[in-house]
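A quick write-up on the structure given underneath.
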Amino acid sequence: MADSEEHRLIAERRRKLDELRDRGNAYPNDVQPSDQAADLHARYGEQDAQTLAASGDHVSVAGRMMAKRVMGRSSFAVIEDVSGRIQLFVERDTLAEGVYQSFKSWDVGDIVAAEGGMYRTNKGELSIRVDQLRLVTKSLRPLPDKFHGLSDQELRYRQRYVDLIMNDDSRQVFRSRSALVSFARAHLEAQGFLEVETPMMQPVPGGAVARPFTTHHNTLDMQLYLRIAPELYLKRLIVGGLHKVYEINRSFRNEGISTQHNPEFTMLELYWAFADYKDIMTLTEDLIRGASQALHGTARISYQGQELDLEQDFQRISLEESITHFNPAIDPGRLRDSDYLRQQLDERETRYEDNYGAGKLLTELFEKSVEEKLLQPTFIVSYPTEVSPLSRQNDADPFVTDRFELFIGGREIANGFSELNDPEEQAQRFRAQAELKADGDDEAMFFDADYIRALEYGMPPAGGLGVGIDRLVMLLTDSASIRDVLLFPLLRPE
RNA sequence: GGGGGUAUAGCUCAGUCGGUAGAGCAUCGGCCUUUUAAGCCGCUGGUCCUAGGUUCGAAUCCUAGUGCCCCCA
């Protein structure tokens with residue numbers, strides 16, 4: 001960056017900081033504001049000037065100075081605290097000797113504390129008529145343009161602290177994110193789910209088809225993987241008798257970065273004994289509808305210009321039906337015919353590998369021709385067994401499993417299924433995955449012998465769910481990129 | 001991995017045909033007791049992303065690279 005220019009502006013403020021140091025403690029820690037801006041607006045917002053003047057109430061606030069307008073012997077300043085903004089009316093002759101002179105040298109961005117009576121200006125704005133004023137923390141770096149804010153996308157991600165200072169929209173996204181997670185916790189706790197924490201560093205990564213990050217523990221001299229999913233540990237807890245568990249935390253996948261993908265991301269996973277995938281669908285629907293209600297007071301939302309109705313019952317349609325629905329030309333009778341599926345994929349210029357069976361080819365065809373069209377909330381059910389190595393096969397049709405994925409706005413939001421609890425069948429599926437891995441598919445699953453041992457003790461029938469929290473936040477905050485809902489998205493180093 | 005866009009003052013942005021680098025805000029100095037993108041006067045402030053090339057002369061044209069944004073595999 002152009003350091004010389006920056007240095008000129010910073011040097012000026014550093015000079016001011018030096019003066020503060022000369023006069024005493026430049027970084028005081030004894031400031032305890034008793035009021036917040038939003039409360040003041042709530043309490044006094046309706047009162048007229050005379051009432052305010054007569055009340056005699058004395059308030060104290062502290063926050064970052066976001067605007068400063070000096071007019072000779074009086075000034076206006078606007079400070080922002082965690083709750084919002086309040087204007088300060090500052091007069092030379094109301095303050096102690098010399099304070100006003102100092103105030104004039106303070107900068108927008110400085111953190112100040114003020115006390116005074118409530119006051120309404122001639123133009124009617126609720127303000128504090130300041131009688132005590134302190135500079136609490138000197139800001140050495142100039143803030144962006146007060147009107148345009150910080151709009152450079154790269155700077156917003158790299159210096160999120162500046163983005164948060166300047167852009168209320170950005171602050172709101174992260175408040176919503178927090179509200180969503182709080183809602184999910186409360187919603188699940190109310191149904192008797194227990195929040196647990198399982199290893200993020202795993203000797204055998206499992207629970208998803210994805211490439212893991214590797215790391216190393218020095219003392220044990222062992223290779224570890226950052227988890228790609230918590231699934232296999234959570235199901236060990238079902239074996240252990242914790243029959244309703246959930247975890248909301250980070251998983252890691254060593255894959256590409258896009259508007260939908262960040263290498264570390266947050267999932268809600270839950271497992272529920274004596275439930276099946278249909279129960280899980282109902283729970284998922286309630287959770288997402290309730291989250292929208294909690295954040296917006298409505299389940300009808302707008303996402304990137306698209307109206308989405310989370311209020312109505314979510315559609316449920318099988319993967320195969322969805323393909324024939326959106327591709328009328330496809331022969332419904334040949335959806336499990338590998339040659340036919342390869343031909344259909346060729347026509348759509350979609351790549352596939354020689355070792356793909358009908359189930360995986362079918363899933364590719366779904367992803368290519370259906371997924372993005374599923375705007376309104378839709379559960380796609382009956383995923384092929386071939387692509388569902390941890391799901392329970394359907395009793396009537398072993399080609400598919402009792403599994404669903406939920407799509408909203410053309411994107412996968414959740415994935416759930418009746419869990420495979422037959423240890424011998426699971427071992428067989430792991431072996432098939434291990435063969436794929438041996439063939440060079442580095443996304444294929446590892447054989448997890450301890451997980452099989454756990455299943456051998458007996459896991460009750462159970463349903464499980466994974467929800468991409470980041471994507472759900474995107475949906476509910478109308479954010480186009482996952483980076484907009486991550487406080488510190490991964491970027492290349494500066 | 002491929003394609004497109006973008007990069008100029010601290011911030012937000014102009015910059016025509018290749019001919020001395022611009023504005024607003026911020027900073028600095030001055031005026032101002034009811035402003036709210038306060039106003040008025042004056043002054044500062046530049047590695048035009050980087051490295052090459054073409055040219056008498058490059059922010060501008062060419063090549064390569066880098067960051068970010070978007071699309072595609």
Side-chain angles (χ1 to χ4, degrees), chain A residues 1-17 19 37 41 49 52-53 64-80 84-95 100-101 103-110 116 119-130 138-163 165-167 255-262 304 345-346 348-353 364 367-368 371-372 410 479-484 488-494:
Chain A
M1 298 301 288
D3 285 349
S4 57
E5 169 68 6
E6 185 178 66
H7 283 161
R8 186 177 60 84
L9 295 169
I10 293 176
E12 181 61 32
R13 292 186 178 210
R14 221 177 272 285
R15 186 186 61 73
K16 294 174 180 176
L17 174 60
E19 285 177 15
H41 286 291
L52 288 173
R64 192 181 297 275
M65 188 160 62
M66 299 304 289
K68 179 175 166 237
R69 297 180 282 273
V70 176
M71 293 160 301
R73 279 172 286 169
S74 77
S75 298
F76 292 96
V78 176
I79 66 161
E80 180 161 326
R85 294 183 172 206
I86 185 81
Q87 179 169 267
L88 307 180
F89 180 47
V90 186
E91 295 162 293
R92 186 190 64 180
D93 299 338
T94 313
L95 296 169
Y100 189 75
Q101 194 59 35
F103 164 78
K104 285 204 285 185
S105 74
W106 298 352
D107 293 290
V108 168
D110 289 351
Y119 174 71
R120 196 171 287 285
T121 64
N122 290 350
K123 293 281 170 59
E125 179 160 352
L126 186 69
S127 307
I128 297 171
R129 189 165 205 158
V130 176
K138 183 67 197 166
S139 170
L140 293 177
R141 290 177 181 266
L143 290 177
D145 184 298
K146 65 192 168 204
F147 186 63
H148 298 97
L150 183 67
S151 60
D152 184 297
Q153 203 61 250
E154 183 175 357
L155 285 181
R156 291 186 57 208
Y157 296 150
R158 287 196 194 278
Q159 299 185 40
R160 181 67 86 185
Y161 35 89
V162 181
D163 179 42
I165 290 171
M166 299 304 298
N167 299 326
E255 290 165 359
I257 296 175
S258 77
T259 53
Q260 317 293 319
H261 300 87
N262 193 66
Q304 306 290 295
L345 289 172
D346 287 339
R348 289 165 179 78
E349 294 174 346
T350 303
R351 273 189 299 175
Y352 49 84
E353 303 290 334
E364 293 288 330
E367 287 175 5
K368 180 69 181 181
E371 195 169 313
E372 66 181 15
S479 299
S481 170
I482 195 170
R483 287 181 287 265
D484 296 326
F488 301 101
L490 186 67
L491 300 176
R492 284 197 162 81
E494 287 180 68

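Side chains included, hydrogens not; waters and symmetry mates left out as well; all remaining heavy atoms used. Note that the structure is a prediction, hence the values are computed from the model and not measured. Letters go in sequence order (proteins before strands), and every chain restarts at 1.
Applying the Watson-Crick and G-U wobble criteria (two distances, each under 3.5 Å), B:G1 pairs with B:C72. Remark: B:G39 base-pairs with B:C31; criterion is Watson-Crick or G-U wobble with both hydrogen-bond distances under 3.5 Å. With a 3.5 Å ceiling on both atom-pair distances, B:A26 lacks any Watson-Crick or G-U wobble partner. Across every strand in view, B:C48 sits unpaired, with no contact that passes the Watson-Crick or G-U test at under 3.5 angstrom. If you check B:A21 for Watson-Crick or wobble pairing at under 3.5 angstrom, you find it has no partner at all. Within the shown strands, B:U6 is the pairing partner of B:G67 under the Watson-Crick or G-U definition, both distances less than 3.5 Å.
The phosphate of B:U33 (OP1 or OP2) has no side-chain N or O of A:K104 nearer than 4.0 angstrom. The phosphate of B:U36 has neither OP1 nor OP2 within less than 4.0 Å of any side-chain N or O from A:S127. Here A:K146 reaches the OP1 or OP2 of B:A38: one of its side-chain N or O atoms lies under 4.0 Å away. Look at A:S74 and you won't find any side-chain N or O under 4.0 angstrom from OP1 or OP2 of B:U34. Applying the 4.0 Å criterion to OP1 and OP2 of B:C68, one finds that A:R492 has a side-chain N or O inside that range. A:R15 has no side-chain polar atom (N or O) that falls below the 4.0 Å cut-off from OP1 or OP2 of B:C28. Between A:R351 and the phosphate of B:C72, there is no side-chain N or O to OP1/OP2 separation shorter than 4.0 Å. OP1 and OP2 of B:U27 both lie 4.0 Å or more from every side-chain N or O belonging to A:R8. Within the structure, every side-chain polar atom (N or O) of A:K16 is placed at least 4.0 Å from both OP1 and OP2 of B:U27.
Taking the nucleotide of RNA chain B with the nearest heavy atom to each of A:P493 and A:T350, the more 5' of the two is matched to A:P493. If A:T121 and A:V70 are placed on RNA chain B by their nearest nucleotide, the residue sitting closer to the 5' end is A:T121.
Contacts of A:D93 with the nucleic acid, taken as non-hydrogen atoms under 4.0 Å apart, include base atoms. Contact annotation for A:V78: no contact, since no heavy-atom pair falls under 4.0 Å across all strands. Base engagement by A:Y119 is indicated by at least one non-hydrogen atom pair under 4.0 Å involving a base atom. Using a 4.0 Å heavy-atom distance criterion, A:R483 is classed as a sugar-phosphate-only contact. Note on A:S75: nothing from the nucleic acid sits closer than 4.0 angstrom, heavy atoms only. Among the protein residues, A:E349 comes within range of no part of the nucleic acid, since none of its heavy atoms lies under 4.0 Å from any strand. Contact annotation for A:R73: base contact, defined as any heavy-atom pair under 4.0 Å involving a base atom. Looking at heavy-atom distances under 4.0 Å, A:S151 makes contact with sugar-phosphate atoms alone, never a base. Within the nucleic acid shown, A:E125 comes within 4.0 Å of at least one base atom, counting heavy atoms only. Looking at heavy-atom distances under 4.0 Å, A:R158 makes contact with sugar-phosphate atoms alone, never a base. Among the atoms of the strands shown, base atoms are found under 4.0 Å from some heavy atom of A:F89.
Comparing atom distances between the A:L155 side chain and each of B:C11, B:U27, B:C32 picks out B:C11 as nearest. Relative to the side chain of A:Q153, the nucleotides B:C32, B:U27, B:C68 differ in distance, and B:C68 lies closest. In the set B:A38, B:U34, B:A73, the nucleotide with an atom closest to the side chain of A:R69 is B:A38. Checked against B:C70, B:U33, B:C68, the side chain of A:T259 finds its nearest nucleotide in B:C70. When the nucleotides B:U36, B:A37, B:U12 are ranked by their closest atom to the side chain of A:F147, B:A37 comes out on top. In the set B:U34, B:C28, B:C25, B:C25 carries the atom at the smallest distance from any side-chain atom of A:D145.
Between the C1' atoms of B:A26 and B:U33, the separation comes to 24 Å (whole Å). Look at the C1' atom in both B:U20 and B:A64: the space between them is 30 Å, to the nearest Å. The gap from the C1' atom of B:U36 to that of B:G29 amounts to 25 Å, rounded to the nearest Å. Between B:A51 and B:U66, the two P atoms lie 15 Å apart (nearest whole Å). Rounded to whole Å, the C1' atom of B:G22 lies 7 Å from the corresponding atom of B:G15. Rounded to a whole angstrom, the distance from the P atom of B:U12 to that of B:A7 is 12 Å. For the P atoms, the distance from B:A23 to B:C41 is 14 Å, rounded to whole Å. Rounded to whole Å, the separation between the C1' atoms of B:G65 and B:U6 comes to 16 Å.
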Exercise for review: Determine, step by step, whether A:D107 and A:K16 satisfy the salt bridge (charged side-chain N to carboxylate O under 4.0 Å, His left out) criterion, reporting the C-alpha distance in whole Å, the side-chain angles of both residues, the deciding distance to 0.1 Å, and the verdict.
Suggested key: CA-CA 10 Å; A:D107 293 290; A:K16 294 174 180 176; 2.9 Å; yes
Review point. Checking salt bridge (charged side-chain N to carboxylate O under 4.0 Å, His left out) for the pair A:R351/A:E364: CA distance, chi angles, key distance, verdict?
Key: CA-CA 9 Å; A:R351 273 189 299 175; A:E364 293 288 330; over 6 Å; no
Exercise for review: Apply side chain to side chain contact (heavy atoms under 4.5 Å, CB included) to A:M65 and A:L88, showing your working.
Suggested key: CA-CA 10 Å; A:M65 188 160 62; A:L88 307 180; over 6 Å; no
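Remark: P of B:U27 and CZ of A:R141 are 17 Å apart, rounded to the nearest angstrom. A:M65 places its CE atom 14 Å from the C1' atom of B:U27, with the value rounded to the nearest Å. Distance OH (A:Y161) to C1' (B:C11): 15 Å, rounded to an integer number of Å. Atom C1' of nucleotide B:U12 and atom CG of A:D163 are separated by 15 Å, given to the nearest angstrom. Rounded to whole angstrom, the span from the OH atom of A:Y100 across to the C1' atom of B:C32 amounts to 9 Å. Straight-line distance from the CG atom of A:D107 to the C1' atom of B:A26: 9 Å, rounded to whole Å. Rounded to whole Å, atom C1' of B:C11 lies 9 Å from atom NE2 of A:H148. As rounded to whole Å, 19 Å separates atom P of B:U33 from atom CG of A:L88.
Here the shortest heavy-atom pairing between A:Q304 and A:A480 reads OE1-CB, 3.4 Å. The minimum heavy-atom distance linking A:V130 with A:L95 is given by the pair O-CD2, 3.8 Å.
Under the 4.0 Å criterion applied to side-chain N and carboxylate O atoms, A:K368 and A:E349 are not assigned as salt-bridge partners. Of the charged side-chain nitrogens involved, at least one lies within less than 4.0 Å of a carboxylate oxygen, so that A:E19 and A:R15 count as a salt-bridged pair.
Between the side chain of A:H261 and the main chain of A:I482, no donor-acceptor pair closer than 3.5 Å is present.
Taking the six-membered ring where the residue is Trp, A:W106 and A:F103 present perpendicular rings, their angle passing 60° and hence far from 30°.
Residues A:Y352 and A:D346 have side chains that bring a donor and an acceptor to within less than 3.5 angstrom of each other.
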